[in-house]
Amino acid sequence: MLEHVVNGLVLGGTYALVAMGLTIQYGIARIMNLSFGDTIIAACFATYVLFTSLSISPILALLILVPSGYALSNVVYRVIMKPLVARAPDEGALEVDSILVTFGLLFVIQGILLYLFGGGYTSYSFFNTPINVLGTVVAGNRLLALVLSLMIGAALVIILFRTRWGMILRAVALAPKSAPLFGIDTDRAARTAFAIGGAIAATGGVVISMFQTFTATAGVVFTMKALIVVILGGKGSVPGAIVAGLLLGLVETFVAAYVDPGLTLAAVYTVFLLLLLVRPNGIFGKA
Amino acid sequence: MLELKNMTVRYGKHLAVDAVGFGLTKGEVVVVLGANGAGKSSMLKAIAGMIPVADGSVTLDGDLLTGVPAHQVTNRGIALVPEGRGVVGRMTVEENLRLGATPSRARASEDETIAQVFDIFPRLAERRRQFVHTMSGGEQQMVAVGRAMMSKPDFLLLDEPSLGLAPIVVGDLFKALARVRETGVGLLIVEQNVKISLRHADRGYLLEAGRITGSGTSEELMNDAAVRHAFLGGDI
Ligand SMILES: Nc1ncnc2c1ncn2[C@@H]1O[C@H](COP(=O)(O)OP(=O)(O)OP(=O)(O)O)[C@@H](O)[C@H]1O
Ligand SMILES: [Mg+2]
């Protein structure tokens, strides 16, 4: 029982983390990024390569891949997204355009990964030491993943809610039309938000690769789960993403343990639909 | 000095502001009176860089403002309190005010300015932790003006500040604006509430269908037949 709670939190912690990235991109940059999961998988493979061929530990890989995720997403925003933003007559149009374009980007990233690594399951063994947590044994890498997710998630919440920088980003999310009157450069804020999302996707990829096998085509599953978490939590809500992410991780783990591993996705959708019936705008969503 | 020369704003073919020209110095209060659809909001938004100027120019102390993006216009010293107030409802009073000090020109004096805002609007000091969307219309308008003051403007543009407020609240608001003016800020107010705005302004203009059709000191306008006819319901 306790073992499942810990495993559920590990999984849920990573869901919460990556969903925060997606919700920041959507809430502030107004871009619904369907290639988000593929960015995560790209980071999984990058970690794998760094670890297996250069013996760089995943912890160190974070220091390389997180800034890379930020920088690459920044470039993607400037080159691909900015023209969409510039020509979109309103937010609705930008949402539709961004969905179409990132859908294409998804296949580009996936194609490159398939070309480089093939379609098989990939994993590596890192910090597999069993660790005793309150009487149950958990793999060290899982525990580390949980700790990293929590730390990075907490850092993000502090940045968003306790710094001027975060205040500016939140203002753009809450009042995009008025933000320029406050002297805020909304274009820069959107670019920053998209890049932070990319950095979080990279973080998620590193963390997930430490304890899970992955394939070049698994990105879409991550995008879907992150989307569910974002919608469940309330679009644009960071606290909502955390709660919904943990919930989803626990549901998946318990269903896999006590019902049937094949039913995890079905269970996730059931919870999703039931919660949306009760709270159409998500757990923390506002009407 | 803030100066408009033949400033024109178009929405497609529709001419919303038609070759408007006038100037405003610091410490002065100027009101532009106009009925619904006269082009008041379009004029202010164009000055603030929120919508493009199709023709003519806006200059601040001789420097061209036309074509400068809105967030940079704010940093040059022009603050707009727009229609609908432009506050962030789901943030607190203090967050809105501190956010107002985002332009680099305002950063160094942020704490000083916030003290000044609280001095003019003591209610905001009491409610600093309250979410703005839970406040009354009058209080929200105080937040809006306070937020604009936080950017240390030379000129403050106000789009119908009296809209939707009870007469007594409007009176208090204009008294507060008089104190803002005393700090040396120039005020450009567009209004339909003729009596109160002329009482607090030095001079004014009439805007009809995007054109300036009249001007004068507040006293002259108050006694002007056209103003009386258009806004005060004939000969009161
Ligand atoms: N975004 C827009 N697209 C097209 N036409 C517009 C737009 N905004 C305003 N207009 C038109 O421009 C003219 C001036 O509008 P504006 O909002 O500037 O008037 P206003 O004097 O502020 O009116 P009100 O007192 O109702 O606020 C109106 O005829 C209006 O219909
Ligand atoms: Mg208007």
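Proteins come first, then strands; the chains are lettered A, B, ... in the order of their sequence lines, and each starts at number 1. FYI, side chains are in, hydrogens and waters are out, and symmetry mates aren't considered; it's all heavy atoms of this structure.
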When rounded to the nearest 0.5 angstrom, what distance separates CG in A:L174 from CG in B:L99?
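The distance works out to 10.0 Å.
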Just how far is it from atom NE2 of B:H71 to atom CD1 of A:I184, taken to the nearest 0.5 Å?
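Reported to 0.5 Å precision, the distance equals 10.5 Å.
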Under 3.5 Å, is there a donor-acceptor pair between the side chain of [X] and the main chain of [Y]?
| X | Y | value |
| --- | --- | --- |
| A:R164 | B:R98 | yes |
| B:T74 | A:P180 | yes |
| B:R147 | A:L181 | yes |

Using a cut-off of 6.0 Å, state whether more than 12 heavy atoms not belonging to A:F103 lie near its atom CZ.
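No, not enclosed.
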Please check if the number of heavy atoms outside B:R123 that lie under 6.0 Å from its CZ is greater than 12.
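It does not: B:R123 CZ has 12 such atoms or fewer within range.
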What closest approach, in Å, do [X] and [Y] show between heavy atoms, and which atom pair accounts for it?
| X | Y | result |
| --- | --- | --- |
| A:M167 | B:M91 | O-CE, 3.4 Å |
| A:F182 | B:V87 | CZ-CA, 4.4 Å |
| B:V88 | A:A171 | CG2-CB, 4.4 Å |

Under 4.5 Å heavy-atom distance to chain A, tell me which part of B:M150 shows up: side chain, backbone, both or neither.
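It is neither, since no heavy atom gets under 4.5 Å.
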Which portion of B:R107 sits near chain A, non-hydrogen atoms under 4.5 angstrom
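Contact with chain A is through the side chain of B:R107 alone.
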Does any part of the side chain of A:R170, heavy atoms only, come nearer than 4.5 Å to the side chain of B:R90, both counted from C-beta?
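They are not in contact (no side-chain heavy atoms under 4.5 Å apart), so the answer is no.
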